[in-house]
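These notes are about the structure you will find just below.
Convention: sequence-line order gives letters A, B, ...; per-chain numbering from 1.
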Amino acid sequence: MKFDLHQRARFLIGEARIAGIAPQDLLWLRSHVAGCAECARYEEEVVGVVRGIKSFAFDSDATMTERVQVAVAARIRKPVALRWWTAAAVFLVVAAVPLCERVRVARREKADATLIEGVENRVWRAVPLAMEPLIQSQPEQSK
Amino acid sequence: MPVEVMPISQPGESEAERIARGLRRKDLDLVRELVERYQYRLVRYLIFLTARREFVEDWAQETWVRVLDRAAQYDGQSRFEAWLFSIARNVALDDLRRRKHLSLETTGAEPLDPASPFLSAARNEEAARLAIALGGLDPIYREALLLRFHEDLSLQEIGKLVGAPVPTVASRIRRGLERLRLQWKEGADEV
């Protein structure tokens, strides 16, 4: 038995299924296997194993696929919902800025009015009643 | 009112490019179609990789979520399933590490659990012998055999997926095939 020829044949039997072999190697292999029962049996075993691997089938769980689809769909919708909430938040902020400004102005005007009123009251109290006609005539004089 | 539909292939566009375009748009119909079409193969890959079935649903779900998160990384220049499996591989290995299991590269062949997913999938005596042999095989060999013979990926595609050079991939397939053949034959001789 020429060991190296059988070794070559077995290498080519595997290689033909793993990466493919050149046409001249395939021709040589076919002629060798045709005349060598041992290598032919080896090839049958390799073919059987590959066929066995290919035929392996697990029970498919349709409900698992559905659950995964639902989870993935929720993942896609989440950013969309997030986008809407973000837009709503931005709108609220934009709308709130002039409102706050108006409130601030109103408060300032009210505070100013209170201050003026307070000042006027203090002035009023500080001025003796007898001098009141003088104060009332001042704006007229300034005009 | 225009209805949002699954992206239809544009002229000259490959299937992988259509998928890449749809993923970038986060097209829900396309994602549903992909889950429907690839879920079984994804589950089969994860079982072949880990020989475990109990965490497969979680891994599959996390894989699809990552597919969406990383949609921009898929350019449609390679087969979608190769990209999908590479994500699934990282998901499963990360989770197994978190669960304090050993990584695929360091773990040895563990004794086959009678509830092994391979054994429960076996439909006849010959398949049962192969199931026992598969369960006893190192995960890296099992993975390479699945990707080559079930998924029909090229050695280059497998190398890219598992992060190994092509000669290493070829060697894993060769050794895996030989070990399976020997164990399968031993089982046949015993019978």
Between B:Lys26, B:His150, B:Gln39, B:Gln61, which residue shows the highest count of heavy-atom pairs closer than 4.5 Å to chain A?
B:His150
Honestly, the part of A:Arg41 sitting under 4.5 Å from a heavy atom of chain B is side chain
Interface moiety of B:Val31 toward chain A, non-hydrogen atoms closer than 4.5 Å
side chain
Honestly, is A:Arg8 close enough over A:Trp28, meaning NZ or CZ under 6.0 Å from the six-membered ring centre and within 45° of the axis?
yes
Would you mind checking which part of B:Phe149 comes under 4.5 Å of any heavy atom in chain A, side chain (CB onward), backbone (N, CA, C, O), both or neither?
both
Kindly assign one of parallel, tilted or perpendicular to the pair A:His32 and A:His6, based on the angle between their ring planes and the thresholds 30° and 60°.
perpendicular
Tell me which of these, A:Ile18, A:Thr65, A:Val46, has more heavy-atom pairs under 4.5 Å with chain B than the rest.
A:Ile18
Name the region of B:Leu68, side chain, backbone, both or neither, that has any atom closer than 4.5 Å to a heavy atom of chain A.
side chain
Identify which of B:Arg32, B:Glu57, B:Arg148, B:Arg53 forms the greatest number of heavy-atom pairs closer than 4.5 Å to chain A.
B:Glu57
With chain B, which of A:Gly52, A:Gly48, A:Ala62 has the greatest number of heavy-atom pairs at distances under 4.5 Å?
A:Gly48
Hey, what do you get for CZ (B:Arg142) to CG (B:Asp138), rounding to the nearest 0.5 Å?
8.0 Å
Quick check against the 3.5 Å criterion: does B:Thr63 have a side-chain atom that pairs as donor or acceptor with the backbone of B:Trp59?
yes
Option among B:Arg21, B:Arg37, B:Arg79 that satisfies the salt bridge (charged side-chain N to carboxylate O under 4.0 Å, His left out) test with B:Glu15
B:Arg37
Select one option (side chain, backbone, both, neither) describing which atoms of B:Glu151 are under 4.5 Å from chain A's heavy atoms.
neither
Side-chain heavy-atom pair A:Glu43, A:Val47 within 4.5 angstrom cut-off
yes
Can you tell which part of B:Ile173 gets under 4.5 Å to a heavy atom of chain A, answering side chain, backbone, both or neither?
both
Let's go through B:Tyr40 and A:Phe58 carefully: what are the C-alpha distance in whole Å and the side-chain angles of both, what is the deciding distance for ring-ring contact (aromatic ring centres under 6.0 Å, His included) to 0.1 Å, and is it a yes or a no?
CA-CA 8 Å; B:Tyr40 174 73; A:Phe58 300 99; 7.1 Å; no
Considering only heavy atoms, which portion of A:Glu15 lies under 4.5 Å from any heavy atom of chain B: side chain, backbone, both, or neither?
side chain
Picking from B:Val43, B:Val67, B:Val169, B:Asp69, which has the most non-hydrogen pairs under 4.5 angstrom with chain A?
B:Asp69
Would you mind checking which part of B:Ile47 comes under 4.5 Å of any heavy atom in chain A, side chain (CB onward), backbone (N, CA, C, O), both or neither?
side chain
Kindly indicate whether a cation-pi arrangement holds for B:Arg174 with A:Phe11, taking the cut-offs as under 6.0 Å to the six-membered ring centre and within 45° of the axis.
no
Any side-chain heavy atom of B:Arg172 within less than 4.5 Å of one from B:Val162?
yes
